[in-house]
Novice: 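Structure provided below as structure tokens; questions to follow.
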Amino acid sequence: QVQVVESGGDLVQPGGSLRLSCEGSGFTFSSYVVCWYRQASGKERELIARISKTGAVASYVDSVKGRFTISRNQNTVYLQMNSLKPEDTAVYYCKVSANSGDFWGQGTPVTVSS
């Protein structure tokens, strides 16, 4: 069965860092583009980062540029989040764009607060 699982979300103080992980199983994970999204309470889900199949090309929404870094290896996609702000508080989701459609993880919550 195709499965996508995120982990690493936590409570962190402003200015702190977290590293989120997205692990795929049941498919050739390295064959597909992977995106990170986030959804704050009461707001629409927002695309924040994207990485190519090989990991050679990464893109980011303006609000996280210079602070977040997406990377990947054979099995896992990571989102390194630095200089976190309260407005980064959200549930973070991983999406794998396979030929048969999109596969989403369950989300991992991130709270940035003093």
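Just so it is clear, the model here is predicted, and its values are computed rather than measured. Hydrogens, waters and symmetry mates are skipped; everything else that's a heavy atom, side chains included, is used.
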Novice: T108 side chain to G9 main-chain N or O, any donor-acceptor pair under 3.5 Å?
Specialist: yes
Novice: Any side-chain heavy atom of I48 within less than 4.5 Å of one from L79?
Specialist: yes
Novice: Report the distance from atom CZ of R45 to atom NZ of K95, rounding to the nearest 0.5 Å.
Specialist: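 If we round to the nearest 0.5 Å, R45:CZ and K95:NZ are 10.0 Å apart.
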Novice: Are the side chain of T89 and the backbone N or O of P86 linked by a donor-acceptor pair below 3.5 Å?
Specialist: yes
Novice: Quick one: salt bridge (charged side-chain N to carboxylate O under 4.0 Å, His left out) partners of E23, sequence neighbours excluded?
Specialist: none
Novice: Under the rule for side-chain hydrogen bond (donor to acceptor under 3.5 Å, both in side chains), what residues qualify as partners of Q3, not counting sequence neighbours?
Specialist: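 Result, side-chain hydrogen bond (donor to acceptor under 3.5 Å, both in side chains) vs Q3: none returned.
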Novice: Is the shortest side-chain heavy-atom distance between L20 and E6 below 4.5 Å?
Specialist: no
Novice: Using side-chain heavy atoms (C-beta onward) and a distance below 4.5 Å, is V34 in contact with R72?
Specialist: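 Side-chain contact under 4.5 Å: yes.
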Novice: Got a sec, which pairs hit ring-ring contact (aromatic ring centres under 6.0 Å, His included) with one end in residues 47-81, sequence neighbours left out?
Specialist: none
Novice: Which other residues belong to the hydrophobic cluster containing V33, where Ile, Leu, Val, Met, Phe, Trp and Tyr are joined when side-chain heavy atoms lie under 4.5 Å apart, directly or via other members?
Specialist: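 In the cluster with V33 there is nothing else; it is isolated.
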Novice: With side-chain contact (heavy atoms from CB on, under 4.5 Å) as the criterion, how do L11 and S113 come out once you've worked through the C-alpha distance, each side chain's angles and the decisive distance to 0.1 Å?
Specialist: CA-CA 7 Å; L11 171 66; S113 176; 4.2 Å; yes
Novice: Can you find a pair of side-chain heavy atoms, one from R38 and one from V64, that are under 4.5 Å apart?
Specialist: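 A side-chain contact under 4.5 Å exists here.
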Novice: Would you indicate whether the side-chain heavy atoms of P14 and S114 approach each other to under 4.5 Å?
Specialist: yes
Novice: Once rounded to the nearest 0.5 Å, what's the spacing between atom CD1 of I51 and atom CD1 of I70?
Specialist: 5.0 Å
Novice: Would you mind reporting whether K85 and V112 have side-chain heavy atoms less than 4.5 Å apart?
Specialist: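 Heavy-atom side-chain distance check fails, nothing below 4.5 Å.
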Novice: Hey, what else clusters with W104 if you join Ile, Leu, Val, Met, Phe, Trp, Tyr whenever side-chain heavy atoms sit under 4.5 Å?
Specialist: Y37, L47, V91, Y93
Novice: Output all residues satisfying side chain to side chain contact (heavy atoms under 4.5 Å, CB included) with S59, sequence neighbours left out; order by chain, then residue number.
Specialist: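 S59: side chain to side chain contact (heavy atoms under 4.5 Å, CB included) contacts with R50.
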Novice: What pairs meet the side chain to side chain donor-acceptor pair (under 3.5 Å) rule with one or both residues in residues 24-36, with sequence neighbours excluded?
Specialist: S30-Q74
Novice: Taking side-chain hydrogen bond (donor to acceptor under 3.5 Å, both in side chains) as the test, write out the residues that go with S7, two or more places apart.
Specialist: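 Here no residue qualifies.
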Novice: Quick one: closest heavy-atom pair of R67 and S83, and the distance?
Specialist: NH1-O, 3.1 Å
Novice: Please list all pairs meeting salt bridge (charged side-chain N to carboxylate O under 4.0 Å, His left out) that have one or both residues in residues 7-22, counting only residues at least two apart or in different chains.
Specialist: none
Novice: Give a yes or no on this: more than 12 heavy atoms of other residues, nucleotides or ligands lie within 6.0 Å of atom CD of Q13.
Specialist: no
Novice: Identify, with sequence neighbours excluded, every residue that meets side-chain hydrogen bond (donor to acceptor under 3.5 Å, both in side chains) alongside K65.
Specialist: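 K65 satisfies side-chain hydrogen bond (donor to acceptor under 3.5 Å, both in side chains) with D62 once adjacent residues are dropped.
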Novice: What disulfide (SG to SG under 2.5 Å) pairs are there with at least one residue in residues 24-76, not counting sequence neighbours?
Specialist: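 As it turns out, there is no disulfide (SG to SG under 2.5 Å) pair with a partner in residues 24-76 once direct neighbours are skipped.
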Novice: With rounding to the nearest 0.5 angstrom, report the CG to CG distance, D88 to N82.
Specialist: 10.5 Å
Novice: Sequence neighbours left out, what pairs pass disulfide (SG to SG under 2.5 Å) with at least one residue falling in residues 48-114?
Specialist: C22-C94
